[in-house]
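Let me begin by presenting the structure, written as structure tokens, before commenting on it.
As the structure is a computational prediction, the values presented were derived from the model and not from experiment. Per chain, numbering begins at 1; letters A, B, ... match sequence-line order.
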2 protein chains.
Amino acid sequence: MREDAHERENIVALEAAAGGAKEKLRLWLRALTFTNLVEGRVRARLRDEYGVTLPRFDMMAALHDAPDGLSMGEVSRRLMVSNGNVTGIAERLEREGLIVRRPMPGDRRSQIVRLTEAGRAAFEEMAVEHEAWIAGMLSGLSEGEVETLHHLLGKAKRSVLGADEGEESA
Amino acid sequence: MREDAHERENIVALEAAAGGAKEKLRLWLRALTFTNLVEGRVRARLRDEYGVTLPRFDMMAALHDAPDGLSMGEVSRRLMVSNGNVTGIAERLEREGLIVRRPMPGDRRSQIVRLTEAGRAAFEEMAVEHEAWIAGMLSGLSEGEVETLHHLLGKAKRSVLGADEGEESA
DNA sequence: CAGATTTGTTTTAAACTTAAACTACTTTGT
DNA sequence: ACAAAGTAGTTTAAGTTTAAAACAAATCTG
């Protein structure tokens, strides 16, 4: 009977965990479709109008937010991509004169990456356009809908991050 | 004065178009963060537990929905990736015995891609887990929140698709 | 202070991705 | 029938991406 109780608990737990699983899966697939759609359009316009790839734009955006520069690792964390990836993108951006890498004083393992003046100017020009593209694509949403989506996606993000912790002990 | 009227119209149009542009940009960045987060976790688990990459899983999912098989082009459209990309993924899946490609009767340019029995079994096993991962990650959302997000993302997607058309005449 | 561990970055190998060029086939318009 | 245009798929070149391994420098520990 101890066994039975356990089994019943497990079934209940499974069903609770599965609550709306199908709907959550559909939500996920739709979110993926949406971001792929927007990302594809942004990528195409960056290429066509500025001859820039999206990863380079993203890295420049991260650096623009940090006028004093960032370490390679910090760029990697902000863009949520691997370290090695950042190395490659930084090399190409440096080759094009848009960023510079210089040794970090006090830690010879580390490098500080910064936008050059040319990089800053190029980014700021693109950023204005980029914001307009996004606003144009989302023009079918009211300000309230934008706010609701922003809020719920924040909650969803926290749910994903929180789900990891519950995992550890499992 | 004709000039003045035009200029005023343009300013109004610009401001209207820019309505909430910053908020829309923030929304977009948050959506991107969210999907990258989930995608990274799904990718890692598919790799660790099944030794499968996400693109391969996605292609198998598309084929599982179509028991009679799909043309390469139809797979490309459903996954929203390029033709050449599908060629590469299909080659690797075929090498692993998970799919087969056979000539389309009646059109010798075309090929029909189908899951093998092994591919179907492998996918179905993964699909159950996959759904549970997603549901687990989104367990912090109520059913109502899931419904609202699903609805608003649908609207956002239609907004992006619709924005193209308004563009044509510009 | 020497050895072990950790941290920051690069390198490597394999896969994925796209756009563009190309091949082969089919459809269309004369 | 036949040339032109279109469609299906592959190939190619360049770049992006990841995970894993290699490395170097800094930090910790006994």
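Of all heavy-atom pairs between A/A21 and B/A135, the closest is CB-CB, 3.8 Å. Closest heavy-atom contact between A/V160 and B/F34: CG2-CE1, 3.9 Å. The two residues B/A122 and B/L98 have their closest heavy-atom pair at CB-CD2, 4.3 Å. Smallest separation of non-hydrogen atoms from B/I112 and B/D68: CG2-O, 3.8 Å.
If you check residues 87-97 of chain A against DNA chain C, the residues with a heavy atom closer than 4.0 Å are A/T87, A/E91, listed by number. Taking every heavy atom of residues 73-83 of chain B and every atom of DNA chain C, pairs under 4.0 Å involve B/M80, B/V81, B/S82, by number.
Counting only N and O atoms by type, the side chains of B/E23 and A/H150 include no donor and acceptor under 3.5 Å apart.
Remark: B/R158 CZ to A/L37 CG distance equals 12.5 Å, nearest 0.5 Å. To the nearest 0.5 Å, atoms CZ (A/R41) and CG (B/L161) are separated by 6.0 Å. With values rounded to the nearest 0.5 angstrom, B/I89 atom CD1 is found 7.0 Å from B/L79 atom CG. Here the NZ-CZ distance, from A/K24 to A/R26, works out to 12.5 Å after rounding to the nearest 0.5 Å. To the nearest 0.5 Å, the span separating CZ on B/R30 from CG on B/L27 amounts to 9.0 Å.
The pair A/R45-A/E129 does not meet the salt-bridge criterion, since no charged nitrogen lies less than 4.0 angstrom from a carboxylate oxygen. Residues A/E91 and A/R95 are not paired through a salt bridge, judged by the lack of any N-O separation under 4.0 Å between the basic side chain and the carboxylate. Salt bridge absent: B/R92 and B/E96 never bring a charged side-chain N and a carboxylate O closer than 4.0 Å.
Put simply, chain B comes within 4.0 Å of DNA chain C, heavy atom to any atom, from C/dA15 to C/dT26, going 5' to 3'. Nucleotides of DNA chain D with any atom under 4.0 Å from a heavy atom of chain B span, from 5' to 3', D/dG6 to D/dA19.
Each of B/D48 and A/R43 has a nearest nucleotide on DNA chain D; the 5'-most of these lies closest to A/R43. Both B/P55 and A/R101 lie near DNA chain C, and the one whose nearest nucleotide falls closer to the 5' end is A/R101.
Applying the side chain to side chain donor-acceptor pair (under 3.5 Å) rule to pairs touching residues 69-81 of chain A yields A/E74-A/R77, A/E74-A/R78, A/S76-A/N83, sequence neighbours excluded.
Checked by atom type and distance alone, the side chain of B/T148 pairs as donor or acceptor with a backbone atom of B/G144 at under 3.5 Å.
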Would you write the dot-bracket representation of DNA chain D, where each base gets (, ), [, ], | or . depending on whether it forms a Watson-Crick or G-U pair under 3.5 Å and with which partner?
-> ||||||||||||||||||||||||||||||

